[in-house]
Amino acid sequence: MKQGNWVWWLLLAVIGVIVVVSVAAPKPRDTAITLSDFAAALDARQIERLELTNTGGVVELHGNYKGGTGDRAGRAFETRTLPTDPIINIDNLNAKVERVTITGVSRFNWLSVLSTLLTVALIGVLLVYLLRGNRGGGGADAAGNFGKSRAHMLAEGSIKLSFADVAGCDEAKTDLQEVVEFLRSPERFHSLGARIPHGILLVGPPGSGKTLLAKAVAGEARVPYFSISGSDFVEMFVGVGAARVRDLFDQAKKAAPCIVFIDEIDAVGRKRGLNFNGGNDEREQTLNQLLVEMDGFESKHDIIVLAATNRPDVLDAALLRPGRFDRQVVVDAPDVRGREHILKIHARKKPLDPTVNLGLVAKRTAGMVGADLENLLNEAALLTAREGRKKIAMRDLDEAADRVLMGPERKTLVIPEQDKKVTAYHEVGHALVAQLLPHADRVHKLTVVPRGGAAGNTAPTPEDRMHYTREILEDTIAVALAGQAA
Ligand code: ADP
């Protein structure tokens, strides 16, 4: 049974028992009377028999009225008072009541004891469960140990990814191929006395496939893979981050050769000593510990640390020194061929219409990274499913690209005819000039359908360029102004 399941069943059972107990528990009976009624009856000597029970905090009084006292004759009553109340002074009672008995111990109420026990047990179980959930899948053994790393470990062979699943970043793959070779047969490198980099920094915008590459390296090399995010190290308490780093590397050493992947390393690896208010001790300690660990593993520990960031400029210089992250691999946004390749990889499990031309989609999506393209295909599949069709068509991909870039169509927005006309003139202005000027990007689509905040759109097919010449910039400005001019 899954761990979560039995906890829920237990919770349900305990709630059930508590409900039953509270329903079955003795309710205040109609024999209860107020203390002043009791005092009055006592003074009038109308009480025949009285039993005092000390339950700890209060004294319970159970008794009977005498016969011949009106409609209450012979009836039982009960009330309670504090042990210090002078009314229950034993001489006073003996003087006014015929028979007084005192029972010191409270009657055993198994219902209340049971419900207390169950509540305690429930809290205990929940506490253990929550603490266990916290420590992540790092294989830590004591429940809720704070200094344990929260790394996720994927055992060797459980990663099915290979370099073939990563498209577009061929240079990065070539650079990482060496790491794969090393992890596969470290002896070959050791015998030559070669020093393999301990750490490699993957630099690139979010969603460009850094995590994917790190996993692919582990998959190719068939070694275990530990992944953790830089922000997982940072806790409120000083020293916890450092302890987690230590624990992570202890685990990694046991599993070596292996890969440790630290996502968002900038969360811990920022330049130290930039804070004037005494600095962030916790983060500095964590970073120091990371540096110590990276220096510390000798060649017998075949651990390679891959770290990802999109801000290499904010990293502490000490992290980038030889023996630490001394290599950088750039994982950039893909070019048009890369985008087509990525689209093909993610379209493998999606049925496409013969009308679909992924090359064209790639051309229209300049600037998108792998994660965006994956999202685009998913949006297209959702659109297709919504219309009950079996295959994704080109228009679904077009629509999905517009959605991803500009937001969904605003179908319910009512637009006056005049406004539509103005928008149409505006968009045609962009398109006409774009088509006429030699350096402007070609246009593949015009629309007067409002999306997100835009009334219409002229979608260019931009080229991937490294540099912009004066002509290109001038023509681009002309296209931008042409809408207004029209
Ligand atoms: P990062 O770590 O750079 O932020 P990820 O590796 O988490 O990005 O990428 C997110 C998702 O985008 C991946 O799971 C993958 O499906 C897709 N993706 C990104 N880049 C590529 C690529 N080059 N080839 C194939 N899929 C990619």
Side-chain angles (χ1 to χ4, degrees), residues 150-154 158-177 179-180 199-221 225-233 259-269 304-315 325 327-350 352 358-359 361-382 392 397 400-401 403-405 464:
R150 292 181 176 174
H152 290 281
M153 185 186 141
L154 294 177
S158 70
I159 302 177
K160 298 280 178 275
L161 284 173
S162 72
F163 279 154
D165 297 295
V166 189
C169 27
D170 295 329
E171 293 83 5
K173 281 195 262 182
T174 319
D175 284 351
L176 292 171
Q177 187 61 41
V179 175
V180 173
I200 297 178
L201 200 60
L202 304 173
V203 180
S208 57
K210 299 182 290 294
T211 313
L212 197 67
L213 258 176
K215 268 194 193 155
V217 171
E220 287 270 336
Y225 168 89
F226 293 85
S227 85
I228 191 161
S229 169
S231 50
D232 285 346
F233 290 123
I259 297 251
V260 172
F261 176 66
I262 307 177
D263 205 359
E264 302 172 50
I265 191 159
D266 33 309
V268 277
I304 292 193
V305 187
L306 299 178
T309 179
N310 54 346
R311 296 290 312 276
D313 51 312
V314 301
L315 293 183
F325 293 99
R327 272 208 210 174
Q328 292 200 7
V329 170
V330 177
V331 188
D332 231 336
D335 60 7
V336 66
R337 270 189 29 239
R339 288 197 298 275
E340 183 174 350
H341 197 166
I342 295 176
L343 284 168
K344 279 191 180 143
I345 285 181
H346 289 288
R348 278 189 302 217
K349 287 196 195 107
K350 297 189 170 71
L352 299 180
L358 290 179
V361 178
K363 271 195 188 150
R364 291 172 191 174
T365 47
M368 281 198 186
V369 290
D372 298 330
L373 294 169
E374 187 186 7
N375 185 21
L376 186 153
L377 277 171
N378 190 47
E379 284 281 341
L382 290 177
I392 301 172
L397 287 165
R403 260 172 184 261
V404 173
L405 288 171
D464 295 296

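Counting starts at 1 for both ligands and their atoms, in listed order. Index from 1, following the sequence. Everything numeric in this text was worked out from a predicted model, so none of it was measured.
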Subject >> For ligand 1, the residues whose heavy atoms come within less than 4.0 Å (ordered by chain, then number) >> reply: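 Residues D165, V166, A167, P205, P206, G207, S208, G209, K210, T211, L212, I342, H346, G370, A371, E374 each place a heavy atom under 4.0 Å from ligand 1, listed by chain and number.
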
**OP:** Scan D266, I262, L202 and name whichever one has a side-chain contact (heavy atoms from CB on, under 4.5 Å) with T309.
**Re:** D266

Original post:
In a check of side-chain contact (heavy atoms from CB on, under 4.5 Å) between V166 and each of L213, L176, L161, which one passes?
Top reply: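 Among L213, L176, L161, the one meeting side-chain contact (heavy atoms from CB on, under 4.5 Å) with V166 is L213.
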
**OP:** Please answer whether the main-chain N or O of F163 pairs with a side-chain N or O of E220 as donor and acceptor at a distance below 3.5 Å.
**Re:**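 Between the backbone of F163 and the side chain of E220 there is a qualifying donor-acceptor contact (under 3.5 Å).
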
Subject >> Set of residues satisfying side-chain hydrogen bond (donor to acceptor under 3.5 Å, both in side chains) with respect to R327, sequence neighbours excluded >> reply: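 Result, side-chain hydrogen bond (donor to acceptor under 3.5 Å, both in side chains) vs R327: E178.
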
Original post:
Can you tell if the side chain of N375 reaches within under 4.5 Å of the side chain of L373, non-hydrogen atoms only?
Top reply: no

**OP:** Find out whether M368 and L376 are in side-chain contact, i.e. whether some heavy atom of one side chain is under 4.5 Å from a heavy atom of the other.
**Re:** yes

